[in-house]
Amino acid sequence: MGLIRRKVHTNHGAKKPEDFVKLPNHVAIIMDGNGRWAKKHRLNVAMGHRQGVETLREIIRHTDDLGIKSLSIYAFSTENWNRSPEEVGALMQLILDFFASEIDELDEKNVRILILGDKNGLPDKQRDALMEAERRTGDNTGLNLNIAVNYGGRAELTRAARELAAEAAAGKIAPDDIDEKMLADHLYTRGQGDVDLMIRTSGEMRLSNFLLYQCAYAEFLFPTVLWPDFRVSDYDDALTAYGGRERRFGKRL
C-alpha cells in the first residue's frame, strides 16, 4: 500500500501575510502522530513517517511564503535511537530521501538549512548528506530551516556549557562575563532569536527535550490532529491563534 496522496504546491485557500494580525518570527514544530496515523490506516510505521514528510513539504513552503524567518522541526531525537531497528532504519532512509528530493527547491528558494544536533553520531551517509545541505545553503538569506537530528535539548545546553567553560579556562572570557546572550550564542540556533510559537501535533502536551532554552517564553499550541493529517489550513489556524495571544514576558499589560 502506498502513500495517501494529496496535492502539494497549490495551497488553494492558504492565507497570506496580510491576513494575520501578527506572525511569529520563529516557529518550532514537534511532528507527532506518525505512528498512530500508520496504525489507523493499517500501514507499517515507516509509511506513517513517509506520509509525514508530505506534510512537512507543504508546511515548509507555506512558512517560506509567509515570510516567517525561522522554522525549527524535530526530526530525530537522541532518544529515538531506542526505537526498533526497523523504525530507526526507515527514519535514516527518509533523511537521505528528503534531501535528495528537496535540496534543489530549497536552495532555489534561498532557504538556509541548519542541522541542530550531533551530526557525528549519525551513520556516514546521513552525516554527509546533512553537512552537504548546510554547506550548499549556508550563504542563503531566506527562511532558516532548522532540522533537529540526533538532538536533545539538555545535550545542547551541556555542549554550550562545556564550550563556555573551555573559553573561561583558556582565559578568553571571565566567568562573570557569562550572561544569557553569551549562552544563547553557543546554542545551535544562535542569531535566530527565541521560539515565538511551539506547535506539537497529535494532542500530546510536552516538550520532549526540544529547544528547552529557546522556548522559555514561547506560546504553545497542541492541535489534536495527527501530523500526517496536518494541513496548511491547520497551520494557518495555529498562526491565527498566536496572533490573538498577549505576550507579556513576565510583565503586566
Side-chain angles (χ1 to χ4, degrees), residues 1-14 27-66 71-77 79-106 109 111 113 115-117 122-123 125-126 129-130 133 143 145-151 198-206 208 210 221-239:
M1 298 178 71
L3 293 174
I4 298 176
R5 296 286 183 181
R6 62 177 185 267
K7 291 182 179 180
V8 296
H9 274 296
T10 54
N11 285 347
H12 292 309
V27 177
I29 303 179
I30 299 176
M31 307 176 292
D32 200 11
N34 293 330
R36 277 168 282 173
W37 183 92
K39 184 177 181 180
K40 175 182 175 182
H41 291 279
R42 298 182 180 180
L43 300 169
N44 64 49
V45 68
M47 296 306 295
H49 290 301
R50 194 163 291 276
Q51 190 68 31
V53 172
E54 296 291 310
T55 294
L56 178 59
R57 290 189 180 105
E58 296 179 30
I59 297 304
I60 292 172
R61 288 168 184 144
H62 191 46
T63 303
D64 184 51
D65 289 342
L66 290 174
L71 174 65
S72 296
I73 58 171
Y74 210 2
F76 190 89
S77 75
E79 292 77 20
N80 286 158
W81 295 110
N82 296 320
R83 297 186 178 183
S84 70
E86 292 78 16
E87 185 172 358
V88 170
L91 288 166
M92 289 296 108
Q93 184 58 47
L94 272 178
I95 290 172
L96 298 179
D97 294 346
F98 177 81
F99 285 106
S101 64
E102 303 301 313
I103 189 64
D104 288 342
E105 179 182 344
L106 292 171
K109 295 188 77 171
V111 173
I113 295 170
I115 305 303
L116 317 183
L122 295 168
K125 287 184 178 180
Q126 282 73 17
L130 297 179
L143 171 68
L145 178 59
N146 305 314
I147 304 176
V149 182
N150 198 25
Y151 173 89
M198 167 67 78
I199 301 169
R200 181 170 186 154
T201 56
S202 86
E204 298 291 343
M205 293 185 284
R206 56 182 178 273
S208 295
F210 188 43
L221 288 169
F222 301 102
T224 58
V225 62
L226 303 176
W227 175 250
D229 290 329
F230 191 75
R231 302 291 187 262
V232 165
S233 59
D234 297 309
Y235 189 38
D236 281 342
D237 288 345
L239 294 170

remark   = Minimal heavy-atom distance between Asp32 and Arg200, with the atoms involved, is OD2-NH2, 3.1 Å
request  = State, with a plain yes or no, whether a side-chain heavy atom of His41 is found less than 4.5 Å away from one of Pro228.
outcome  = no
request  = Determine the interplanar angle of the Tyr235 and His62 rings, folded into 0 to 90°, and report it as parallel if under 30°, tilted if 30 to 60°, perpendicular if over 60°.
outcome  = perpendicular
remark   = CD1 (Ile60) and CG (Leu106) are apart, to the nearest 0.5 Å, by 6.0 Å
inquiry  = Looking at every heavy atom in both Val45 and Gly35, which two are closest together, and how far apart are they?
reply    = CG2-CA, 3.8 Å
query = Is a side-chain N or O of Asp64 found less than 3.5 angstrom from the main chain of Arg61, in a donor-acceptor match?
reply = no
key: Contact check, side chains of Arg50 and Val53, non-hydrogen atoms, under 4.5 Å   = no
inquiry  = Ignoring hydrogens, what is the shortest heavy-atom contact between Leu226 and Ser202? Give both atom names and the distance.
reply    = CD2-CB, 3.8 Å
ask   = Should the ring pair Phe230 and Trp227 be called parallel, tilted or perpendicular, given that the plane angle runs from 0 to 90° and is split at 30 and 60?
value = parallel
request  = Using a 4.5 Å cut-off on heavy atoms from C-beta on, say whether the side chain of Ile147 contacts that of Phe99.
outcome  = yes
key: Closest non-hydrogen atom pair between Asn80 and Val88, with its separation   = O-CG2, 3.5 Å
query = What distance do Leu94 atom CG and Gln126 atom CD have between them, rounded to the nearest 0.5 Å?
reply = 10.5 Å
Tyr151 side, atom OH; Glu79 side, atom CD - distance, nearest 0.5 Å = 10.5 Å
ask   = Which atoms form the tightest heavy-atom contact between Pro123 and Trp81, and what is the distance?
value = CD-CH2, 4.2 Å
inquiry  = In the structure I gave you, are the side-chain heavy atoms of Phe76 and Met92 within less than 4.5 Å of one another anywhere?
reply    = yes
task = In sequence, state the C-alpha distance, the side-chain angles, and the governing distance for Leu116 and Tyr74, and then conclude on side chain to side chain contact (heavy atoms under 4.5 Å, CB included).
result = CA-CA 9 Å; Leu116 317 183; Tyr74 210 2; over 6 Å; no
CG-NE2 distance between Asn44 and His49, expressed to the nearest 0.5 angstrom = 9.5 Å
inquiry  = Do Asn34 and Gln51 have side chains that approach each other closer than 4.5 Å (heavy atoms only, starting at C-beta)?
reply    = no
query = With a 4.5 Å heavy-atom cut-off, do Leu56 and Met31 have their side chains touching?
reply = yes
task = Quick one: pull up CG in Leu239 and CG in Leu66 and give me the separation to the nearest 0.5 Å.
result = 6.5 Å
query = Is any side-chain heavy atom of Thr63 less than 4.5 Å from a side-chain heavy atom of Val27?
reply = no
query = Does the side chain of Ile103 come within less than 4.5 Å of Ile113's, by heavy atoms?
reply = yes
request  = Hey, could you give me the CD1/CG distance between Ile73 and Leu145, rounded to the nearest 0.5 Å?
outcome  = 5.5 Å
request  = Indicate the atoms forming the closest heavy-atom contact of Lys40 with Asp229, along with that distance.
outcome  = NZ-OD2, 4.2 Å
Pair Lys109 + Asp65, salt bridge at N-O below 4.0 Å = yes
